[in-house]
Trainee: 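So that we are looking at the same thing, I have put the structure below in structure tokens.
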Amino acid sequence: MDSMHKISNKDKKNLLIEALSYIQKFKDKIIVIKYGGAAMVEEELKIHFAQDIVLLQSLGLRPVVVHGGGPEVSRAMKQLGQEVSFIDGLRVTSAENMRVAEMVLSGMLNKEIIAHLNTFSGKAVGVSGKDGHLIEAYKKIHTSGVDLGYVGGIQKTNPELLHVLLDKGFLPVISPIGLGVDGTTYNLNADTVASCIAVALNAHKIIFMTDVDGIMVDETLQPELTVGELRKLLEEGVIQGGMIPKAEAVLNSVSFGVPTAHIINGTDPHSVISELFTDKGIGTQVVS
Ligand SMILES: Nc1ncnc2c1ncn2[C@@H]1O[C@H](COP(=O)(O)OP(=O)(O)OP(=O)(O)O)[C@@H](O)[C@H]1O
Ligand SMILES: [Mg+2]
């Protein structure tokens, strides 16, 4: 708020005019927002996030939220004495790990986000990939041959349930759990889920909120990358850990028709609004 007081009335007017043109442009558009577990840190930030998403809805955009929850899942596993390990940003998931992951993601975190959104008069509804056959998953095999356990890949996305909700003005909030055709529960990477949902819904935009400013090369933020440039960074190993599935999700989204994908720092207050409603934007934008 302090910074608002420092800008002149003329600047405020220009900012508002700038925002209005985007509001018109985005009206009725589906925007998929991946809310990274890494960005869900402080209570205050979670409240800012909820306010922003409800604002988008009240401005006539149709937001769809997909959330992660890596740090909370790891914390719960450790509290229960379970082992935590990752390979290329994917969580190796035993049967016991899977039960905890589902409990934390679909139970605790999903409902916490719903509570925040609905406190601000949102019409949020929490679902997991299991609901309404939203996400059909299969056992993912890692290229190294290491058994990842209950880590799933996405076979098929059935967005019918989301259309039903969106058409009635509800705001879907999706936890990254999928169901195999044989009834097995799978732990999915939330970036992958967000990307498949964005493609299935013909989204106008996908935004990944994480805990870094965007894609970094030698500690320098990359404001804009093409699909080709991003693919090269992945091949060169510049992108590591949790940024690998995120970069792949960005590539998938843009390659299959989502016009733009953004990676932004969700630990900055109101980052979604800054990205959507200003000319300059923030973070890394990836275009085809
Ligand atoms: N080149 C890179 N540029 C930026 N971040 C990178 C890069 N390589 C690796 N990373 C790491 O990727 C991390 C983000 O992925 P991570 O999976 O940890 O978070 P998230 O996806 O937002 O949360 P969650 O997995 O819980 O949904 C960053 O914190 C950073 O450490
Ligand atoms: Mg991640």
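Order of listing sets the numbers, starting from 1, for every ligand and every atom in it.
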Trainee: Tell me the protein heavy atom at minimum distance from atom 8 (N) of ligand 1, and give that distance in Å.
Mentor: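 For this ligand atom, the closest protein heavy atom is Q240 N, 3.1 Å.
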Trainee: Is the closest N or O pair between I215 and ligand 1 shorter than 3.5 Å?
Mentor: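 Not met; the criterion fails.
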Trainee: Looking only at distances, can you tell me whether any N or O atom of V212, backbone or side chain, sits closer than 3.5 Å to an N or O atom of ligand 1?
Mentor: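 No.
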Trainee: Can you report which non-hydrogen protein atom sits closest to atom 26 (O) of ligand 1, along with the distance?
Mentor: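 Here the nearest protein heavy atom works out to G70 N, 2.7 Å.
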Trainee: For F49 and H116: C-alpha separation, side-chain torsions, deciding distance, then whether ring-ring contact (aromatic ring centres under 6.0 Å, His included) applies.
Mentor: CA-CA 9 Å; F49 170 80; H116 278 130; 9.1 Å; no
Trainee: Any protein heavy atom under 4.0 Å from atom 31 (O) of ligand 1?
Mentor: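 No, there is none.
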Trainee: Under 4.0 Å from ligand 1, counting heavy atoms only, is it the side chain of T210, its backbone, both or neither?
Mentor: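 T210 to ligand 1: contacts from backbone and side chain alike.
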Trainee: Just let me know how H67 lines up against ligand 1, side chain, backbone, both or neither, with a heavy-atom cut-off below 4.0 Å.
Mentor: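 The answer is neither; H67 stays 4.0 Å or more away.
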Trainee: Contact between G214 and ligand 1, counting heavy atoms under 4.0 Å?
Mentor: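 Heavy atoms of G214 do come under 4.0 Å of ligand 1.
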Trainee: Within the 4.0 Å heavy-atom shell around P71, which atoms of ligand 1 are there?
Mentor: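 With P71 as reference, the close atoms of ligand 1 come out as 26 (O).
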Trainee: Salt bridge or not for E72 and R75, using N-O below 4.0 Å?
Mentor: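 The answer is yes: the pair qualifies as a salt bridge.
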Trainee: Do ligand 1 and I239 have nitrogen or oxygen atoms that lie under 3.5 Å from each other?
Mentor: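 So ligand 1 has no N or O lying under 3.5 Å from an N or O of I239.
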Trainee: Does G37 reach ligand 1 with a nitrogen or oxygen that is under 3.5 Å from one of the ligand's nitrogen or oxygen atoms?
Mentor: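 Yes - when backbone and side-chain N and O of G37 are compared with those of ligand 1, one distance drops under 3.5 Å.
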Trainee: How far is atom 28 (C) of ligand 1 from the closest protein heavy atom, and which atom is that?
Mentor: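 Ranked first by proximity to atom 28 (C) of ligand 1 is D211 OD1, 3.5 Å.
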Trainee: Taking atom CD of E83 as the centre, report whether more than 12 heavy atoms of other residues, nucleotides or ligands fall under 6.0 Å from it.
Mentor: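 Result for CD/E83: open.
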Trainee: When you compare the side chain of T284 with that of V250, does any pair of heavy atoms fall below 4.5 Å?
Mentor: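 Of all side-chain heavy-atom pairs linking T284 with V250, none is under 4.5 Å.
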Trainee: Considering non-hydrogen atoms of the protein only, which is the closest contact for atom 20 (P) of ligand 1, and what is the distance?
Mentor: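 Nearest neighbour among protein heavy atoms for atom 20 (P) of ligand 1, to 0.1 Å: K246 NZ, 3.5 Å.
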Trainee: Report yes or no: does a heavy atom of G266 sit under 4.0 Å from some atom of ligand 1?
Mentor: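 Contact absent.
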Trainee: Backbone or side chain, does any N or O of Y35 fall under 3.5 Å from an N or O of ligand 1?
Mentor: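 Such a contact does not occur with ligand 1.
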Trainee: Would you mind running through ligand 1 and noting each atom that sits below 4.0 Å from a heavy atom of G36?
Mentor: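 This gives 22 (O), 23 (O), 27 (O) as the contact atoms.
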Trainee: Test your reading of the structure: does A190 have an N or O sitting under 3.5 Å from an N or O of ligand 1?
Mentor: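 Checking ligand 1 against A190, no N or O pair falls under 3.5 Å apart.
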Trainee: Is there a side-chain contact between P63 and I53, using heavy atoms and a 4.5 Å cut-off?
Mentor: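 Contact flag for P63/I53 side chains = yes.
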Trainee: I need the minimum non-hydrogen distance between S21 and E18, along with the two atoms involved.
Mentor: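 So the two residues come closest at OG-O, 2.8 Å.
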Trainee: Tell me if the NE2 atom of H133 is crowded by more than 12 foreign heavy atoms within 6.0 Å.
Mentor: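 Not buried by this count: 12 neighbours or fewer within 6.0 Å.
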Trainee: Report yes or no: does G69 have a heavy atom closer than 4.0 Å to ligand 1?
Mentor: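 Yes.
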Trainee: Could you tell me whether a side-chain N or O of K46 sits under 3.5 Å from a main-chain N or O of V41, the two making a donor and an acceptor?
Mentor: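 Not confirmed, K46 side chain does not pair with V41 backbone.
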Trainee: List the closest protein heavy-atom neighbour of atom 1 (N) of ligand 1: residue, atom name, distance to the nearest 0.1 Å.
Mentor: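 Going by distance alone, atom 1 (N) of ligand 1 is nearest to M216 O, 2.9 Å.
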Trainee: Pull out every atom of ligand 1 sitting under 4.0 Å from any heavy atom of G68, numbered as shown with elements.
Mentor: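 Selected atoms, number and element: 27 (O).
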Trainee: Are the side chains of L148 and N187 in touch, meaning some heavy atoms are under 4.5 Å apart?
Mentor: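 Not touching, per the 4.5 Å side-chain cut-off.
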Trainee: Taking atom CZ as the centre, does F86 end up with more than 12 heavy-atom neighbours from other residues, nucleotides or ligands that are less than 6.0 angstrom away?
Mentor: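 For F86, atom CZ is crowded (more than 12 foreign heavy atoms under 6.0 Å).
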Trainee: Which is closest to atom 6 (C) of ligand 1 in terms of heavy atoms, M40, M243, M209, E72?
Mentor: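 Shortest heavy-atom distance from atom 6 (C) of ligand 1: M243.
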Trainee: Note the single closest protein heavy atom to atom 27 (O) of ligand 1, along with its residue, its atom name and the distance in Å.
Mentor: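 Ranking protein heavy atoms by distance from atom 27 (O) of ligand 1, first comes K34 NZ, 2.8 Å.
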Trainee: Answer yes or no: are there more than 12 heavy-atom neighbours, outside K156 itself, under 6.0 Å from its atom NZ?
Mentor: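 No - once you tally the heavy atoms of other residues, nucleotides and ligands closer than 6.0 Å, there are 12 at most.
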Trainee: Quick one: do T267 and V212 satisfy side-chain contact (heavy atoms from CB on, under 4.5 Å)? Show the steps, please.
Mentor: CA-CA 8 Å; T267 67; V212 284; over 6 Å; no
Trainee: Cut-off 3.5 Å, side chains only: do D182 and T184 have a donor facing an acceptor?
Mentor: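 Result is yes, a qualifying pair exists.
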Trainee: Hey, is the main chain of D191 close enough, under 3.5 Å, to the side chain of S195 for a donor-acceptor pair?
Mentor: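 Side chain of S195 to backbone of D191: no pair is present.
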Trainee: Write out the residue and atom name of the closest protein heavy atom to atom 16 (P) of ligand 1, then the distance separating them to 0.1 Å.
Mentor: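 For atom 16 (P) of ligand 1, the nearest protein heavy atom is G242 CA, 3.9 Å.
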